[in-house]
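Numbering of ligands and ligand atoms starts at 1, following listing order. Side chains are part of it too, since the values below use all heavy atoms of this structure and drop only hydrogens, waters and symmetry mates. Along the sequence shown, residues are numbered consecutively beginning with 1.
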Amino acid sequence: MNFMNKSNPIGIFDSGIGGLTVVKSVNTFLPSESIIYFGDTARVPYGSKSNSTIIEYALQDANFLAKKNVKLIIVACNTASAVALDELKKIYEIPIIGMINPGAKAAINETKNKIIGVIGTETTISNKAYSKAINNIDKDIKVVEKACPLFVPLAEEGLIDHPATKLIAEEYLKELRNENIDTLILGCTHYPILKEVIQEVIGKNVKLIDSGSAASTEVDEYLMGRGIKNYQHNIGKYEYYVSDVPKKFNEIAKRFLGKELEFLEKVELEEILNI
Ligand code: DGL
């Protein structure tokens, strides 16, 4: 099995640019690992699409990475993790790690009063992905979930300190505030970009869980446990592939990743569709 090679890259896919927040976390935890990223920018957003469409797209995205000989696939998109992870695991021999279980476990470890809030896209929330994962581990935890779809365009527009973002955050988070949550899962790739305003509105005593960093810790443990962690001291190489290069792509990518992309290539959708 040639994917079980230490020096092979980790594959990460997302519905678009948002998954770069996950790349940033993986880079922090695992700086020696090389990464191949695929962002389905031609078909984003996934968060408002039906489960069957998301599963179809996720299988195509994973297939693109599988062909690149990756040793593990991270499903950075919370929506795809919520809906398509089981299907992906049925098909691929390559280990696949999504956002939901790592985020759920990190929140369970953090909560004291056993009331956890979750925010995400419409699809992640309507599938109750996080509450199912949390209650599978501890059924006594109360989980309060809220879809916050406008956070995605606000993060992409860079309206980080804007009064409109604060107003929208107040509207979205008021239910969660009333429920006395002590832990809040940021269950969407884009939300770490808005974490300051989210923290301010939800209150400083609420612990925010970034599902991307929780997943990075799990990936680290997984690679170590299987003896396929790359310990070489040279810095990992990064390749980014997208199905479209929309206007302002580089500006948004830089905001999400915290630096310029070193290698970017547009892939034709036909190549992706060709499973
Ligand atoms: N990447 C998606 C997620 O984390 C957000 C953007 C979208 O709706 O596609 O759920």
Side-chain angles (χ1 to χ4, degrees), residues 11-26 37-62 64-65 73-85 88 96-104 106-107 117-133 145-159 168 172 184-195 198 208-216 240-244 246 248-249 252-253 255-257 269 272:
I12 301 184
F13 80 82
D14 179 48
S15 54
I17 300 178
L20 295 179
T21 59
V22 178
V23 174
K24 196 174 168 189
S25 293
V26 175
Y37 180 87
F38 176 68
D40 195 6
T41 38
R43 301 186 295 187
V44 71
Y46 285 8
S48 49
K49 293 196 166 65
S50 67
N51 288 10
S52 57
T53 299
I54 296 162
I55 291 172
E56 184 189 329
Y57 290 179
L59 292 176
Q60 293 161 349
D61 302 342
F64 175 81
L65 295 174
I73 293 177
I74 303 176
V75 185
C77 180
N78 282 255
T79 306
S81 300
V83 171
L85 198 69
L88 289 167
I96 302 181
I97 293 186
M99 296 293 117
I100 311 296
N101 274 325
V118 180
I119 51 176
T121 63
E122 297 284 4
T123 302
T124 301
I125 299 304
S126 65
N127 277 281
K128 298 192 172 302
Y130 277 102
S131 53
K132 283 182 200 155
E145 297 192 86
K146 175 77 187 166
C148 303
L150 289 174
F151 281 170
V152 168
L154 289 169
E156 293 202 0
E157 281 299 315
L159 297 174
I168 289 164
Y172 278 152
L184 176 63
I185 301 178
L186 305 179
C188 174
T189 46
H190 289 59
Y191 299 177
I193 301 292
L194 301 176
K195 68 173 184 295
I198 293 172
L208 301 188
I209 302 293
D210 176 344
S211 47
S213 11
S216 303
Y240 299 91
Y241 297 88
V242 287
S243 47
D244 188 24
K248 298 208 279 184
F249 177 86
I252 303 170
R255 185 175 325 119
F256 279 50
L257 190 63
L269 259 186
I272 307 294

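In this structure a side-chain-to-backbone donor-acceptor pair under 3.5 Å is missing from S81 to G98. Side-chain atoms of Y172 come within 3.5 Å of backbone atoms of L150 as a donor-acceptor pair (strictly under, hydrogens ignored). Proximity of a side-chain donor or acceptor of K49 to a complementary backbone N or O of R43 within less than 3.5 Å is detected.
Of all atoms in ligand 1, numbered sequentially from 1 with element shown, those under 4.0 Å from a heavy atom of S15 are 1 (N), 2 (C), 6 (C), 7 (C), 9 (O). Heavy-atom contacts of G47 reach the following atoms of ligand 1: 7 (C), 8 (O), 9 (O) (cutoff under 4.0 Å). Taking every non-hydrogen atom of T121 and a distance limit under 4.0 Å, the qualifying atoms of ligand 1 come out as 5 (C), 8 (O), 10 (O). For ligand 1, the atoms sitting less than 4.0 Å from at least one non-hydrogen atom of V44 are 9 (O), numbered in the order shown with element in parentheses. Taking a cut-off of under 4.0 Å to the non-hydrogen atoms of Y46, the atoms of ligand 1 that pass are 7 (C), 8 (O), 9 (O). Near D14, with a cut-off below 4.0 Å to any heavy atom, the atoms of ligand 1 are 1 (N).
Looking from atom 10 (O) of ligand 1 to the surrounding protein, the closest heavy atom is T79 OG1, 2.6 Å.
When all heavy atoms of C77 and T189 are compared, the pair lying nearest together is CA-CG2, 4.1 Å.
Within the structure, ligand 1 has C188 among the residues with a heavy atom less than 4.0 angstrom away.
At a 3.5 angstrom cut-off on N or O pairs, T189 counts as close to ligand 1.
Residues meeting the ring-ring contact (aromatic ring centres under 6.0 Å, His included) test with F13, sequence neighbours left out: none.
A salt bridge is defined here as a Lys NZ or Arg NE, NH1 or NH2 lying under 4.0 Å from an Asp or Glu carboxylate O, and E157 with K248 meets this definition.
Of the N and O atoms on the side chains of D61 and Y46, at least one donor lies less than 3.5 Å from an acceptor on the other residue.
Residue C77 holds the heavy atom nearest to atom 2 (C) of ligand 1 of all those in P45, C77, P153, A80.
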